[in-house]
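Heads up, the thing below is written out as structure tokens.
Each chain gets a letter, A, B and so on, in the order its sequence line appears, and its residues count up from 1. Remember, predicted model here, so these are calculated numbers, not experimental data.
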Amino acid sequence: MNKAKEIFRYPEEIKAAFLASGGLTFENKQVSAEEIWRFMTVDGPTRFPASFTIDPNLGGFSPDVDFFAGIKHNYYRLTEFDRLRNRYQRGKKIVVVQDGPTELLQACGCVAARPPFHWMWAMRDVEGLSLEEAERRNSALRNECKKCMPAECCSIVAPFHTVRTSKAPVDFLAPVSYMACSDAVFTIETTRSDDNPVPSFIMDFPVHDHSGSWRVEYLAAQFRLLARKLGAITSIKVTDEALNTVIVRQNRLRRLARECTKLWWDAPTPPLNSSDRFVLGLRCWEQEDETAVIELLTEARAEVARRVTDRIKGAGIVDDPVRILVCGSCAHLNAHMVEQAGGVIVGNEEWLNNMTMHIDETGDPFINLASAACAMPYEQPPEKRAAWIAQLAQMSRADGVIFIYNWGCNYQSAMARVLMDIVKTKTGLPTTWLDIIQSGRQTSGEQLRTRVEAFIEIMQRHRAAKKIK
Amino acid sequence: MNTSVIAIDNIRAAVARRPAELAVARQAGKKVVGWIGYNIPEELIHACGLIPIRICQGGDNRLAEIGANYISTQNCFFLRQCIGLFVERQDPYVRELDALATDTTCLQLYRMATLLEHYFQTNVIFLGVPKNREVPEADAYFTQEVGQFLSQMEKMAGRPLDEGSLTRTLKLFAGIRQAITQLYEYLANDRPLISWRDVLEVVQAGYCLDRAQYLILLQELLGELAERAAAPCRTVERRVRVLLAGSLIARGDTKLITILEECGARVVGDLIWSGMAPFVNLAVKEYSLAGLVAAYYSRLPHGAIPHMEVDNDDRLIVLQELAKKTRANGIVYYSLRYCDPFSFKVLCTKNAMKRIAVPLMEAQTEYSPEDTENLRTRVEAFVEMLDCAQARREWQDE
């Protein structure tokens, strides 16, 4: 098979307009639209051919080439490890985290590396891999990690173990235990070793929601101690003022992301497809490219607003698609598969959870961080969390809700039925839950397709019945 | 080994009578608090005049299947069976519960309790357990949590906790712990008087029996064993000595122990949370609420509590010491499918045991009988390997 034919190419016809749309700013350095275009059409396909697959089922780019913020977002993602490597070489410390607010790490001058970080780092170590070669490397890396773990470990979390098995750098381990996930902490624990100890501090998230203030105080005390421990490796002493500054900046980003998402939700016709909608919830504020992220979101907001006015529909979406809200663990549904079946994804609970967070900007920032973490909807008991999901379903005008969890994820999967039962009762919408295996790009197995298609049919009938009534 | 110990028969008879006793007690206005978890200070339930019952049933695949209608099959079999018990409500202890106390040590268990609350309107009382002991606020957090737990117990009892009652309870429970520890010492004896299966049955009888009566029965058992130990003509046991560790082996979960016995192994001890583990390093030094909190706070950590340093991990240290003390030939690490707190630790436990030259085999299984023969093959091979190694050592010694 001719490899060149497999490469996704942005059409030349859009080049002039794209170049006129402006570039992005990274660490006070302007990357022009010309440079981005060159990367996305010449350097990128050479360095990362697997990312330029033409098959959207295998994770290819969105076909919506007129959405320029989407192209820039792809550039952002493909080049983020170049910037991280630079930062690391300049002395930035890499801290492995799991979930929760990352403002403190930024204030401490560290890079917060979430679960896919080390796996991505290891994957990007070798360039020029075709899709097949990348799949093989991905599989080999995961298998290497799985050797140290039980078979039941979630395949998304297992690559955490690349902390030990790859050349990816790690200066400190600081996962927030049990926020969203329980496998992550156990996996981090498997990386402990007496021959090459990495300093660590496992932040304990007190899961049960009591009315007492001691829960917040306990978490705040851990944030303070973490700041001191990170200070020991970075020589940065975090002041309340410095932390508050980061909090203010991050709140601004989250606000912008919420505005963009609301714009999409309120549009009569979805102005972006499910893949591009992810740009609106850009979750890269932990990686310190705030200026670029603000520029991306601002541009995306303007493009979406224009499309709403002009009634332009996102590429690849059918007319009047059923709107699906996706809840559950950090696994994802293949957006293309959903759209082919006549649906569109209106949001992802985990991302919306992060976007929803607002941290108070006055007073003790450590207490504020802890209070915000304790209030995150994703971490609430079933009734509260389900009430929030029902609210999201209403705001996003969803026609149905799917709870998905990755195979091996016991902490989130335990909530699947109860949340969907409550949401169904509260909203009257069809709900379901799916167990998927996400161990690489090829997540859209035929079984999953059958189930998603069947659920979309249910939603279509439900909506039709509602209209008749 | 003579297993017809009279005191064990008495314990069995007491257990058989217990459901009826509970029903009568409830009719008389007593309240029953079931508990499931790893850091519930059972003493507080007892001291408030409530009846504590530990819910710890396992080994029933049918109930686990019923439970899987409510919680996903990615969750451990024990918890799925727990839900099954609450769906059916046929279990005499579950039927008699006025409330269920649980803690947040194991997160799957915490999730399971929230489901019981939602689907079966179970009155669940939660206790938060801190997992990061590096900050002093962790101690304060646990103290506050226990305080809140106590106030809920007092509310159920309709009266405040009486200091005298607490002291009496703490002494009683200290006596039980001491008796169980003594009982375990008989297991490792070269001339064993009791099997691990019996010891586990005795320990698990304590989940439901009236605690004062239980202590009396334990003392009778220890007395009888002491008498038998003094008898001269017992033979030295030569079977392979195996120590059990890992996930809990709940009442009714007999697959592994049956296979071990059939393969000719002898279990000389355990470090599991349905056996000896709850009694390890749990010493109430001061008979007060503060003393109780301190004891639970500093006890042997459960597998769900992360610990990042290998060389000072109490769980590994205690297991190494136990392996030496019991002169175990090997360790069988019970890994109940989807029990993450223990299944993730297999490798590091194996490495730690390698340092003291004690081989470890992971026995991963579930409640369904389908893997019985697979497990048997593995256990047989492991026991045979230990047997050969022991024979070689004896031959070299000679």
Quiz item: Highest number of heavy-atom pairs under 4.5 Å with chain A: which of B/Tyr338, B/Tyr70, B/Tyr119?
Solution: B/Tyr119
Self-check item: When A/Ala151, A/Ala220, A/Gly408 are compared by non-hydrogen pairs under 4.5 Å with chain B, the top option
Solution: A/Gly408
Exercise. Take B/Met308 and A/Ile188 through the side-chain contact (heavy atoms from CB on, under 4.5 Å) test and state the conclusion after the steps.
Key: CA-CA 8 Å; B/Met308 286 304 290; A/Ile188 287 279; 3.8 Å; yes
Practice problem: For the residue pair B/Leu127 and A/His208, establish whether any side-chain heavy-atom pair is separated by less than 4.5 Å. | Solution: no
Quiz item: Quick one: what part of A/Cys154 sits under 4.5 Å from any heavy atom of chain B, side chain, backbone, both or neither?
Solution: neither
Quiz item: Using a distance-only test with no angle check, is there a side-chain donor-acceptor pair under 3.5 angstrom linking A/Gln222 and B/Asn132?
Solution: yes
Self-check item: A/Asp183 versus chain B, the contacting section by heavy-atom distance below 4.5 Å
Solution: both
Self-check item: Residue pair A/Glu383 / B/Thr114, side-chain heavy-atom distance below 4.5 Å
Solution: no
Quiz prompt | Considering all heavy atoms, the nearest B/Val135-A/Ala221 contact | solution = CG1-O, 3.7 Å
Self-check item: Distance-only polar pair, side chains of A/Glu217 and B/Gln144, donor-acceptor under 3.5 Å
Solution: no
Quiz item: Under 6.0 Å from the CD atom of B/Glu88, do we count more than 12 heavy atoms belonging to anything else shown?
Solution: yes
Quiz item: Going by atom types only, do B/Glu137 and A/Trp214 share a side-chain donor-acceptor pair under 3.5 Å?
Solution: no
Quiz item: Side chain, backbone, both or neither: which part of A/Trp433 has a non-hydrogen atom closer than 4.5 Å to chain B?
Solution: neither
Quiz item: When heavy-atom pairs shorter than 4.5 Å are enumerated against chain A, which of B/Glu145, B/Glu362, B/Gln364 gives the highest number?
Solution: B/Glu145
Quiz item: Taking all non-hydrogen atoms of both residues, which atom of A/Val207 and which atom of B/Tyr110 are closest, and how far apart?
Solution: O-OH, 3.6 Å
Quiz item: Quick one: what part of A/Leu173 sits under 4.5 Å from any heavy atom of chain B, side chain, backbone, both or neither?
Solution: side chain
Quiz prompt | Between B/Gln148, B/Glu309, B/Arg337, the one whose heavy-atom pairs under 4.5 Å with chain A are most numerous | solution = B/Gln148
Self-check item: Leading residue by heavy atom contact count with chain A [cutoff under 4.5 Å; candidates B/Asn69, B/Val129, B/Leu79, B/Val346]
Solution: B/Asn69
Quiz item: Do NZ/NE/NH1/NH2 and the carboxylate oxygens of A/Glu189 and B/Arg315 come within less than 4.0 Å?
Solution: yes
Quiz item: Should the pair A/Arg215 and B/Tyr141 be classed as cation-pi, given the thresholds of under 6.0 Å to the six-membered ring centre and 45° from the axis?
Solution: no
Quiz item: Given a strict heavy-atom distance threshold of 4.5 Å, which part of A/Ile202 is in contact with chain B: side chain, backbone, both, or neither?
Solution: both
Exercise. Report yes if some heavy atom in the side chain of A/Arg417 is under 4.5 Å from a heavy atom in the side chain of B/His118; otherwise report no.
Key: no
Quiz item: From B/Ser335 OG over to A/Glu152 CD, what is the distance, rounded to the nearest 0.5 angstrom?
Solution: 6.5 Å
Quiz prompt | For the student: nearest non-hydrogen atoms of A/Ser413 and B/Asn75, plus distance | solution = OG-ND2, 3.4 Å
Quiz item: Is there a side-chain contact between A/Met415 and B/Ile71 (heavy atoms, below 4.5 Å)?
Solution: no
Quiz item: Would B/Glu134 and A/Lys229 count as a side-chain contact (heavy atoms from CB on, under 4.5 Å) if you check the C-alpha gap in whole Å, the side-chain angles of each, and the deciding distance to 0.1 Å?
Solution: CA-CA 12 Å; B/Glu134 276 193 68; A/Lys229 283 177 181 268; 2.9 Å; yes
Self-check item: Heavy-atom closest pair, residues A/Phe186 and B/Gly303
Solution: CE2-O, 3.8 Å
Self-check item: Pick from A/Cys153, A/Pro381, A/Ala416 with the largest number of heavy-atom pairs that fall under 4.5 Å of chain B
Solution: A/Cys153
Quiz prompt | Value rounded to 0.5 Å, distance of OH in A/Tyr411 from CG in B/Leu107 | solution = 4.5 Å
Exercise. Below 4.5 Å from any heavy atom of chain B, which atoms of A/Pro206 appear? Answer side chain, backbone, both or neither.
Key: both
Practice problem: Can you tell which part of B/Pro341 gets under 4.5 Å to a heavy atom of chain A, answering side chain, backbone, both or neither? | Solution: both
Quiz item: More than 12 foreign heavy atoms under 6.0 Å from NZ of A/Lys426: is that the case here?
Solution: no
Exercise. Not counting sequence neighbours, which residues clear ring pair (Phe, Tyr, Trp, His ring centres under 6.0 Å) with B/Tyr367? List them please.
Key: B/Phe77
Quiz prompt | B/Ser72 OG to A/Asn410 CG distance, which is reported to the nearest 0.5 Å | solution = 7.5 Å
Quiz prompt | Top contributor to chain B interface from A/Asp435, A/Leu219, A/Ile422, A/Val418 [non-hydrogen pairs under 4.5 Å] | solution = A/Val418
Quiz item: When heavy-atom pairs shorter than 4.5 Å are enumerated against chain A, which of B/His307, B/Glu117, B/Met112, B/Lys345 gives the highest number?
Solution: B/His307
